[in-house]
Amino acid sequence: MGTPERSRPHPGPEEGVRHGRLSARPVAVARTASSPEPGVHRLDGRALLSVPPAGAAGPLPLAVVLHGAGGTAEQALEWLLPQASDLGVLLLAPQAVSATWDVIVGGYGADVSRIDAALEEAFSRTAVAVGEVAVAGFSDGASYALSLGLANGDLFRAVLAFSPGFMAPMIRHGRPRIFVSHGVSDRVLPIDECSRRLVPELRESGYEVTYEEFRGGHQVPPQTAAAAVRWWISQRLGHGTGDVSPG
């Protein structure tokens, strides 16, 4: 018989960047002396921060917006900027270190660190509403938004996924609400292989999912972007979840 182990129980594995975990958290009051002026600002962590026009009552909701493969932070802002400006929402658009997000090209790491740094800076410069942070993305960015959103549901209370291809969370925390849209004629990420597979999996796992199909291809139609932002903000305004019927 072997000698019984006398040491203390081994601690569980530490969750961190390589698991897709983010550590930045909002504070109700920004730590800087003054908030940035309305408009788009470039942050040190290779990201853009869009501040809505003056007059929006803070603290404000914030959405991290992730571009598609080969895309840019500037392009990511364009999808939600009109709705965000109208509704008083902050947008944070990071630029991927490579042509697309790290988990797609080798595993979580550099982009998780970059997004975390951008969030820290955004939280320090603006008053972000605690519990009203979302993550959104298109194409590869949507796949990454789902992956990070499920791993960080204690930070991201909502995920807006426009035409996702997959999800790959290593761990899961929290229970974010999820909005998924997809074009029925998408030839880049075919709907049958992607969203029509992902949405049932999410629902079977207990997530609340609002799903919209639209006539079109691999794109974010303006009306779909508007519906997604209204769906997200509806909880803040007390209008329920705002289910969207397939189109």
Side-chain angles (χ1 to χ4, degrees), residues 12-13 15-16 18-22 61 63-66 68-69 79-80 100-104 107-108 111-112 115 131-221 224-225 227-236 239-247:
E15 297 175 352
R18 64 189 182 91
H19 302 98
R21 281 291 280 169
L22 299 163
V64 178
V65 191
L66 307 175
W79 308 321
L80 302 185
T100 191
W101 303 97
D102 53 16
V103 74
I104 301 168
Y108 294 110
D111 285 320
V112 179
I115 292 170
E132 296 187 39
V133 182
V135 60
F138 167 64
S139 191
D140 277 9
S143 300
Y144 202 50
L146 279 172
S147 301
L148 287 185
L150 299 190
N152 298 277
D154 47 349
L155 169 64
F156 299 124
R157 302 302 173 88
V159 179
L160 286 63
F162 304 106
S163 305
F166 68 94
M167 56 184 178
M170 291 184 65
I171 52 177
R172 300 191 184 206
H173 288 274
R175 191 68 65 175
R177 297 185 305 137
I178 301 171
F179 179 100
V180 178
S181 68
H182 216 115
V184 295
S185 303
D186 193 331
R187 295 184 180 181
V188 177
L189 294 173
I191 191 170
D192 285 336
E193 302 169 18
C194 299
S195 288
R196 287 179 180 170
R197 174 182 58 85
L198 291 170
V199 169
E201 289 181 9
L202 287 164
R203 287 175 172 161
E204 288 170 8
S205 297
Y207 294 96
E208 177 191 320
V209 183
T210 295
Y211 179 44
E212 174 182 329
E213 296 183 358
F214 58 86
R215 296 176 182 175
H218 198 59
Q219 61 193 105
V220 184
T224 300
V229 176
R230 288 197 304 269
W231 165 88
W232 169 39
I233 297 300
S234 66
Q235 188 175 52
R236 179 183 221 222
H239 295 162
T241 58
D243 281 350
V244 181
S245 300

Looking only at heavy atoms, what is the nearest atom pair of M170 and R18, with distance? SD-O, 3.2 Å
Compare every heavy atom of Q219 with every heavy atom of F214, then report the nearest pair and how far apart it is. CZ-O, 3.5 Å
So how far is it from D186 CG to S195 OG, rounded to the nearest 0.5 Å? 8.5 Å
Verdict with reasoning, I115 to W101, per side chain to side chain contact (heavy atoms under 4.5 Å, CB included): CA-CA 11 Å; I115 292 170; W101 303 97; 4.2 Å; yes
Mind running side chain to side chain contact (heavy atoms under 4.5 Å, CB included) on F166 and L189 for me, showing each step along the way? CA-CA 10 Å; F166 68 94; L189 294 173; over 6 Å; no
Any Y144 side-chain heavy atom under 4.5 Å of V112 side chain: yes
Taking all non-hydrogen atoms of both residues into account, name the closest pair between G68 and S139 and its distance. CA-CB, 4.4 Å
Side chain to side chain contact (heavy atoms under 4.5 Å, CB included) evaluation trace for Y207 with R175: CA-CA 6 Å; Y207 294 96; R175 191 68 65 175; 3.6 Å; yes
What is the minimum heavy-atom distance between R197 and E201, and which atoms define it? O-CG, 3.3 Å
Interatomic distance, CZ@R172 vs CE@M167, rounded to 0.5 Å, equals 5.5 Å
Considering all heavy atoms of both residues, which atom of V135 and which atom of A145 are nearest to each other, and what is their separation? CG1-O, 3.6 Å
Sequence neighbours excluded, every pair satisfying salt bridge (Lys or Arg N to Asp or Glu O under 4.0 Å) that has a member inside residues 137-151: none
Report the distance from atom CG of L160 to atom OG1 of T224, rounding to the nearest 0.5 Å. 11.5 Å
When rounded to the nearest 0.5 angstrom, what distance separates CD in E15 from CD1 in I171? 3.5 Å
Please report, to 0.1 Å, the donor-acceptor pairs under 3.5 Å made by any side chain of residues 146-157, with sequence neighbours excluded.
from	atom 1	to	atom 2	distance (Å)
S147	OG	S143	O	2.8
S147	OG	A168	N	2.8
N152	OD1	R21	NH1	3.4
N152	OD1	L22	N	2.8
N152	ND2	G20	O	2.7
N152	ND2	L148	O	3.0
D154	OD1	R21	NH1	2.9
D154	OD2	R21	NH1	3.4
D154	OD2	R21	NH2	3.0
D154	OD2	R25	NH2	3.4

I want to know whether W79 and F162 have ring centres closer than 6.0 Å. no
Strictly distance-based, threshold 3.5 Å: is any side-chain N or O of R187 a donor or acceptor partner for the main-chain N or O of G217? no
Are H182 and Y211 an aromatic pair by the rule of ring centers under 6.0 Å? no
Validation row: E213, R196 side chains within 4.5 angstrom (heavy atoms): yes
